[in-house]
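Accompanying notes for the structure given below.
The chains referred to below are lettered A, B, ... by the order of the sequence lines, with proteins before strands, and numbering in each begins at 1. Everything numeric in this text was worked out from a predicted model, so none of it was measured. When reading the values below, keep in mind they use all heavy atoms of this one structure, side chains included, and skip hydrogens, waters and symmetry mates.
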Amino acid sequence: MTNSPKSKGININSLNESQREAVIHTKGPSMVLAGAGSGKTRVITFKIAYMIDKLNIPASNILAVTFTNKAAKEMKQRIADLIPKSKLKGIYIGTFHALGVKLLKSHGKHLGLDPNFSILGESDQKSIIKQILIEHKYNPDKSDTFQFHISTAKNNLVSGEDIIIEGEDSIVFRDIFTAYQKRLINHNQVDFDDLIQLPFKLMRDFPEVKEKITKKVEHLLVDEYQDTNIAQYEIVKQLASHHNNITIVGDDDQSIYAWRGANYQNLFNFEKDFAGTKLVILSQNYRSTNNILQVANSVIKNNSQRKEKQLWSERGNGKEVNYTEYEDELSEALGVANSINVWKFRKNLNYSDFAILFRTNFQARSFEDALREKSIPYKIIGGMSFYERKEIKDIIAYLKLIHNTKDSVSLLRIINYPKRGIGDVSVKNLRDFAADKDLSLFDAISKTEETTTIPEKTAYQMQLFRDIILEYKEKFENTRSVLKTTDELIKDLNIVPEIYNLSKDPIEIQRRVKNVDSFKRIIERWENNPDTYMDENEPPSLKNFLHAFALVLENDSDEDEDSYENVVTLLTVHASKGLEFPYVHLVGFENGFFPHYNCFNVEEERRLAYVAITRAQDHLEITSCQKRKKFGQWEYRQPSPFLEEIPSSLINIQTVEQLEKQQNAKPDDESVKNFFKHLKDQLKK
DNA sequence: TGGTTAGTCGTTTTT
DNA sequence: CGACTAACCA
């Protein structure tokens, strides 16, 4: 992350002693406890480069697992900076989930899974559970609970029959779980948790498959080990079982995914699971100033469940950490936007030097407004905004249905979009008919003459719909370009004219049409970058696109384009893990966010605060609000209790007035100069 | 069937 | 406040 190499080639001497130790220990198990900013990614990338370049280990025998696509991509990039790209051929670096897809594609048939399986997104999963609940005469409003328990069961490798749920009716749950599983299998679908759980079962139950897979894994490296859940932990053990060359990297203080089943104790169990583990601790921080580190340390030390470690830095004290309490979210957002501009011009910084970190996605809104008002360019990471847009979801639903006609969730979404005169009543009748004959909705369309409940005219419309899907199924199978065929589909469906039909607001129409275009560009980029998004040996196909798409749900592709742009980054603390920024604004530092209202684990919330603080390299500004609007009503707020854990000598608590006075001080010559330079740059565009 | 409208409900964090 | 649904009329 820090002190990134300037020149090509591996210079082991540019590492500190602990880092070097970790890199050259390539035989047997090793564990790297890496504090925030201690060069964790650097160790992994150097280690891989070292193995390939110096030890001549074939890249195809190395497997590196990360938690996010972004981390995987960065890792690949940074190794490519160290050694010739040709030597990297065949290496696998990817997320647990992407690895799961790969394993299931090549070996899933042993589990009765067709390689064309589709991956269920969270909302699809929810609607399926809802539907099952209705079919079983249970309250569909409880789908969230069931979704959670299904996920937990899979993450913990507990099978349906063994599930015991406190306070819930375990028998009811088992019914639902069984029905859900049956439905997924029938429809050749897997959910996110299956991508981990099924490969585990595959290797457990089919030793010859396990042998085939693990033989190739000469060296296994796992990043962010503190975030592994039971299923992932077991998979790691399986993958390493043949060669026993495994490197894990992690930091118990940065474990922030317990709610997803992660257990940072896995980190400490590692030495028990792998005898003779070489332990390396990285405690020198290259990222932050000592002021920032001390603030971070003073918070995290209040956790009882942790390995004591003190990060230190040679970077000097640096600027003091500021804390400002604003009246409401509006003034908070404006204040932060203002502060960004003041710093930018005073220090001649880029907008990309700044990040705004918040606890929940919806907080982004007020900052977006403020930044737009001040003409500060920004990007939002995560937040799902793009793929949540209606027109995108509609097109995706077409692609998904074309790929897998059993995908009833997608079918229901688009059977009457664009409008073809198929109303709710007919759809319901179709569903009843399909359920009665035990057919998928799509297959039922071909048999509508067997029922009297669907009028002939409507049935005809349904058949036209079916024919489009079948027509494009064939087209996608025979094309080399997913983009071209999708484009044709969009035109055939008259999606753009339909957008004009549905809205009269020209701005909205323009926005939606632009979204459709952006979506095409995403496909285009995917198609042109086999390296980043595809398995090298597979040609672009609808199946591959949908698999990649399901895994890269984040606005990955949006951000790609912007990543070199000079813009402020807005993101949640969770999404910020692994990243660093010179200037960090940690906003909404209030009781209710830190810790969150319904948090179940205060220590995890403290770790979250720790992660947020340690993102900052040079300067940290913490803000909160006295009141904020919740559902249109004012809600009064208190500062985060974690604030009291920071000694007053480390933090400058100032009022808004003090801050403004300081900011409104007559700008120094330097600021003025920078400001005009900025204006000039703007004019050039 | 389809469009409008009133009424309800909710917001952690993500692969 | 705003996204989503149910209910009602054209």
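The stretch residues 624-634 of chain A touches DNA chain B through A:K630, A:F631, each having a heavy atom under 4.0 angstrom from the strand. Less than 4.0 Å separates DNA chain B from at least one heavy atom of each of the following residues of residues 590-601 of chain A: A:H596, A:N598.
Between the CD atom of A:E604 and the P atom of B:dT14 there is a distance of 12 Å, rounded to whole Å. Counting to the nearest Å, the C1' atom of B:dT13 and the OH atom of A:Y257 are 7 Å from each other. The CD-C1' distance, from A:Q232 to B:dT14, rounds to 12 Å in whole Å. Note: CG (A:L120) to C1' (B:dT14) measures 16 Å, nearest angstrom. Spacing between atom CG of A:D124 and atom P of B:dT14 amounts to 19 Å, rounded to whole angstrom units. If you take CG of A:L412 and P of C:dT5, they are 13 Å apart, rounded to a whole angstrom. A:K393 has its NZ atom 12 Å from the P atom of C:dA3, to the nearest Å. Spacing between atom CD of A:E122 and atom P of B:dT15 amounts to 10 Å, rounded to whole angstrom units.
Residues A:Q125 and A:Q147 bring a donor and an acceptor atom of their side chains to less than 3.5 Å of each other. A:Y180 and A:D191 share a donor-acceptor pair across their side chains, judged by distance under 3.5 Å alone.
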**A:K126 and A:E122: CA distance, side-chain angles, deciding distance, salt bridge (charged side-chain N to carboxylate O under 4.0 Å, His left out) verdict** = CA-CA 6 Å; A:K126 193 172 170 171; A:E122 198 139 320; over 6 Å; no
**Message:** Let's go through A:K577 and A:D227 carefully: what are the C-alpha distance in whole Å and the side-chain angles of both, what is the deciding distance for salt bridge (charged side-chain N to carboxylate O under 4.0 Å, His left out) to 0.1 Å, and is it a yes or a no?
**Reply:** CA-CA 11 Å; A:K577 199 167 69 155; A:D227 288 334; 2.3 Å; yes
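Within the structure, the salt bridge (charged side-chain N to carboxylate O under 4.0 Å, His left out) test picks out the following pairs touching residues 418-431 of chain A (sequence neighbours left out): A:K428-A:D432. Legend: salt bridge (charged side-chain N to carboxylate O under 4.0 Å, His left out) pairs involving residues 253-263 of chain A, not counting sequence neighbours, sorted by first then second residue: A:D253-A:R306, A:D253-A:K309.
In this structure, the side chains of A:I495 and A:I499 come closer than 4.5 Å at one or more pairs of heavy atoms.
By the 6.0 Å and 45° rule, A:K630 stacks over the aromatic ring of A:Y597.
Residue A:L63 forms a side-chain contact (heavy atoms from CB on, under 4.5 Å) with just one option from A:I91, A:I93, A:L221, A:L220, and that option is A:L220. A salt bridge (Lys or Arg N to Asp or Glu O under 4.0 Å) with A:R413 is found for one member of A:D407, A:D394, A:D124 and no other, namely A:D394.
Taking the six-membered ring wherever Trp is involved, the centroid distance between the rings of A:F545 and A:W526 falls below 6.0 Å.
Contacts of A:F67 with the nucleic acid, taken as non-hydrogen atoms under 4.0 Å apart, involve only primed sugar atoms and P, OP1 or OP2.
For the P atoms, the distance linking C:dC4 with B:dT13 amounts to 16 Å, nearest Å.
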Set out, line by line, the N/O atom pairs under 3.5 Å between protein and nucleotides 1-3 of chain B.
{"from": "B:dT1", "atom 1": "OP1", "to": "A:S426", "atom 2": "OG", "distance (Å)": "2.5"}
{"from": "B:dG2", "atom 1": "OP1", "to": "A:G421", "atom 2": "N", "distance (Å)": "3.2"}
{"from": "B:dG2", "atom 1": "OP2", "to": "A:N416", "atom 2": "ND2", "distance (Å)": "3.2"}
{"from": "B:dG3", "atom 1": "OP2", "to": "A:K419", "atom 2": "NZ", "distance (Å)": "3.4"}

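Not one side-chain nitrogen or oxygen of A:T68 sits closer than 4.0 Å to the OP1 or OP2 atom of B:dT14.
Shown here are the salt bridge (Lys or Arg N to Asp or Glu O under 4.0 Å) partners of A:D193, two or more places apart in sequence or in another chain: there are none.
Among B:dT15, B:dT14, B:dT11, the nucleotide with an atom closest to any side-chain atom of A:F362 is B:dT11.
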